[in-house]
Every structure is written in C-alpha cells, then in structure tokens.
Amino acid sequence: MFTAQDVKELREKTGVGMMDCKRALTEANGDMDEAIKILREKGLAAAAKKASRIAAEGIVESYIHLGGKIGVLLEVNCETDFVAKTPEFKSFVHSIAMHIAAAKPQYVSRSEVPAQSVEAEKEIIRAQAINEGKKPQFVDRIVEGRIDKFYKEVCLLEQDYIINTDQTIEQLLNEQIAKIGEKISIRRFVRWEMGEGIEKRKDDFAAEVMSQVV
C-alpha cells in the first residue's frame, strides 16, 4: 500500500514523527496528499512546525490522589505566561498529572530511557522468543517489534490516554498545541506512591483515579 520511502517523504514534508506518518498513510490508503490532510486536521503538522520554538513559561502542577495514596508533580511548558494562566492550559496539565498517577510512566519519552534498560529488556524479550520456540532468524525481528510495547508501557508520550484510550498522550499534546497555537512541552514529572517498595496489598490505582473522573 505504501513504502518506507513514502513514510520518509511524508515526514520530510510535514516534520511529523515516523509513527504518526505511518498511521496517516495507513488511514489514507497510501495517498500522500490525503495523508498530509489527515495530519493537518489532527494538528500534528502544526505541532511539528512549532517544535523549534522556545517554551520557557508554563506551570508546575501537583496532583494528590484521594486519601493521599499517590502524589504527582508535573512541569509543562508553553511559550507565554498568558497561555499558562488560561483555564484550557491548566485543565490539560491537570489531566496529564492524573494520567501519570494512574498509568505509572517512568519517562517522558524514549530519549530519556537509559540505554542499559533498553538492552536489558531486549535480552529478556530475546530469551522469551527462544523459549517460545521461535526460529533464530526471526528472533531479532521479534525483539524489535516487542520493544515498542516496552516503550509504550514506560514512556508517557506513548501511553494510551486513560480517559480516551483511542489516542496517545503525544496525540493529546499535539491536539492541544493545535488549539492553543503555541509550543507546549511536557518537561518532567515525579510520581510517589505511598508505601512504594514495601510489600503490601496491591490496589488498582488506575481504577481508583478513573472513579474520581466519572
């Protein structure tokens, strides 16, 4: 339907990430112009154009889960103090903080994941594939495929948004950039969980957080 060269060409034309380009081309059945239109409608192309701007304003949001079981501190940046004070921006940041409380990401993006952690995960996946009886010539391909699942679990931007699992946090971010018209970046966060590291009963924190949303 489309080739890797098509994905590369679309990325060069729009500045959008490879995975979003692949999704757009899949949705457009390989039609380049339609794929560009899809990316623009989703605000992804606009977000990519703003990526080189400096976002030094913003807010630090705190979210404490009911009963004090989980705490999150999150810094999200934008370009102007005016935008940082708007209800829309504050609501977006609060939503991201709630998501972090529920979904337990460890990093903002792939670039933050230590290389040794990635290699350790690949070794685990490789051993699993061999134990499953996969042919040796296919193991490396299987590892590369499954490592994406690892990134999706630990990287905030790649996680499915808890309130709308049809979109990732990165897609939600790009949607917000398109609405506000400024560069927005999720810079850093910390998450604490009461009793973390102590063996205890495991609660479904994601379900608890969602119960506060409904």
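Just so it is clear, the values below take in all heavy atoms, side chains as well, and ignore hydrogens, waters and symmetry mates. Residues: numbered from 1 along the sequence shown.
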Can [Y] be reached from [X] by stepping across I, L, V, M, F, W or Y side chains whose heavy atoms are under 4.5 Å apart?
{"X": "Ile163", "Y": "Leu172", "result": "yes"}
{"X": "Leu157", "Y": "Ile147", "result": "no"}
{"X": "Ile162", "Y": "Val93", "result": "yes"}
{"X": "Val76", "Y": "Tyr161", "result": "yes"}
{"X": "Trp192", "Y": "Val108", "result": "no"}

With heavy-atom distances below 4.5 Å as the criterion, would you say the side chains of [X] and [Y] are in contact?
{"X": "Glu175", "Y": "Gln167", "result": "yes"}
{"X": "Gln106", "Y": "Glu112", "result": "no"}
{"X": "Cys78", "Y": "Phe92", "result": "no"}
{"X": "Glu193", "Y": "Lys104", "result": "yes"}

Stepwise side-chain contact (heavy atoms from CB on, under 4.5 Å) test for Phe2 and Leu10: CA-CA 11 Å; Phe2 59 87; Leu10 181 58; over 6 Å; no

Any donor-acceptor N/O pair, [X] side chain to [Y] backbone, under 3.5 Å:
{"X": "Glu57", "Y": "Ala84", "result": "no"}
{"X": "Asp6", "Y": "Thr3", "result": "yes"}
{"X": "Gln159", "Y": "Glu153", "result": "yes"}
{"X": "Arg191", "Y": "Val72", "result": "no"}
{"X": "Lys69", "Y": "Met194", "result": "no"}

Nearest 0.5 Å please: distance from the [atom1] atom of [X] over to the [atom2] atom of [Y].
{"X": "Ser95", "Y": "Ile169", "atom1": "OG", "atom2": "CD1", "answer": "9.0 Å"}
{"X": "Ile70", "Y": "Met98", "atom1": "CD1", "atom2": "CE", "answer": "10.5 Å"}
{"X": "Glu61", "Y": "Leu73", "atom1": "CD", "atom2": "CG", "answer": "9.0 Å"}
{"X": "Tyr63", "Y": "Ile96", "atom1": "OH", "atom2": "CD1", "answer": "13.5 Å"}
{"X": "Glu182", "Y": "Thr86", "atom1": "CD", "atom2": "OG1", "answer": "8.5 Å"}
{"X": "Leu25", "Y": "Asp20", "atom1": "CG", "atom2": "CG", "answer": "11.0 Å"}

Do you know which two heavy atoms are closest between [X] and [Y], and how far apart they sit?
{"X": "Ala24", "Y": "Ile38", "answer": "O-CD1, 3.8 Å"}
{"X": "Gln171", "Y": "Thr168", "answer": "OE1-N, 2.8 Å"}
{"X": "Pro105", "Y": "Ile100", "answer": "CD-O, 3.6 Å"}
{"X": "Ile64", "Y": "Gly71", "answer": "CD1-CA, 3.9 Å"}

Please table the atom pairs, donor to acceptor, closer than 3.5 Å between any side-chain atom in residues 27-35 and protein atoms at least two apart or in another chain.
residue, atom, partner, partner atom, Å
Glu27, OE1, Lys42, NZ, 3.2
Asp31, OD1, Asp33, N, 3.1
Asp31, OD1, Glu34, N, 2.9

Does NZ in Lys152 sit with more than 12 non-hydrogen atoms of other residues, nucleotides or ligands closer than 6.0 Å?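 Yes - once you tally the heavy atoms of other residues, nucleotides and ligands closer than 6.0 Å, there are more than 12.
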
Start with the C-alpha gap between Glu158 and Asp148, add the side-chain angles, then the distance that decides, and say whether side-chain contact (heavy atoms from CB on, under 4.5 Å) holds. CA-CA 9 Å; Glu158 300 193 29; Asp148 283 335; 5.7 Å; no

Run the side-chain contact (heavy atoms from CB on, under 4.5 Å) test against Lys90 and tell me which residues pass, sequence neighbours left out.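 For Lys90 the side-chain contact (heavy atoms from CB on, under 4.5 Å) partners, ignoring immediate neighbours, are Ile59.
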
Evaluate Arg146 against Glu132 for salt bridge (Lys or Arg N to Asp or Glu O under 4.0 Å), listing each step before the verdict. CA-CA 14 Å; Arg146 291 184 184 177; Glu132 290 168 5; 2.9 Å; yes

Regarding Glu75 and Arg188, does a basic nitrogen lie under 4.0 Å from an acidic carboxylate oxygen?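 A salt bridge links Glu75 with Arg188.
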
Knowing that exactly one of Asn174, Leu173, Val83 qualifies, which makes a side chain to side chain contact (heavy atoms under 4.5 Å, CB included) with Ile184?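 Running side chain to side chain contact (heavy atoms under 4.5 Å, CB included) over Asn174, Leu173, Val83 with Ile184 returns exactly one hit, Leu173.
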
With a 3.5 Å cut-off and sequence neighbours excluded, list the donor-acceptor pairs that the side chains of residues 118-129 form with protein atoms.
residue, atom, partner, partner atom, Å
Lys122, NZ, Glu144, OE2, 3.4
Glu123, OE2, Arg126, NH1, 2.8

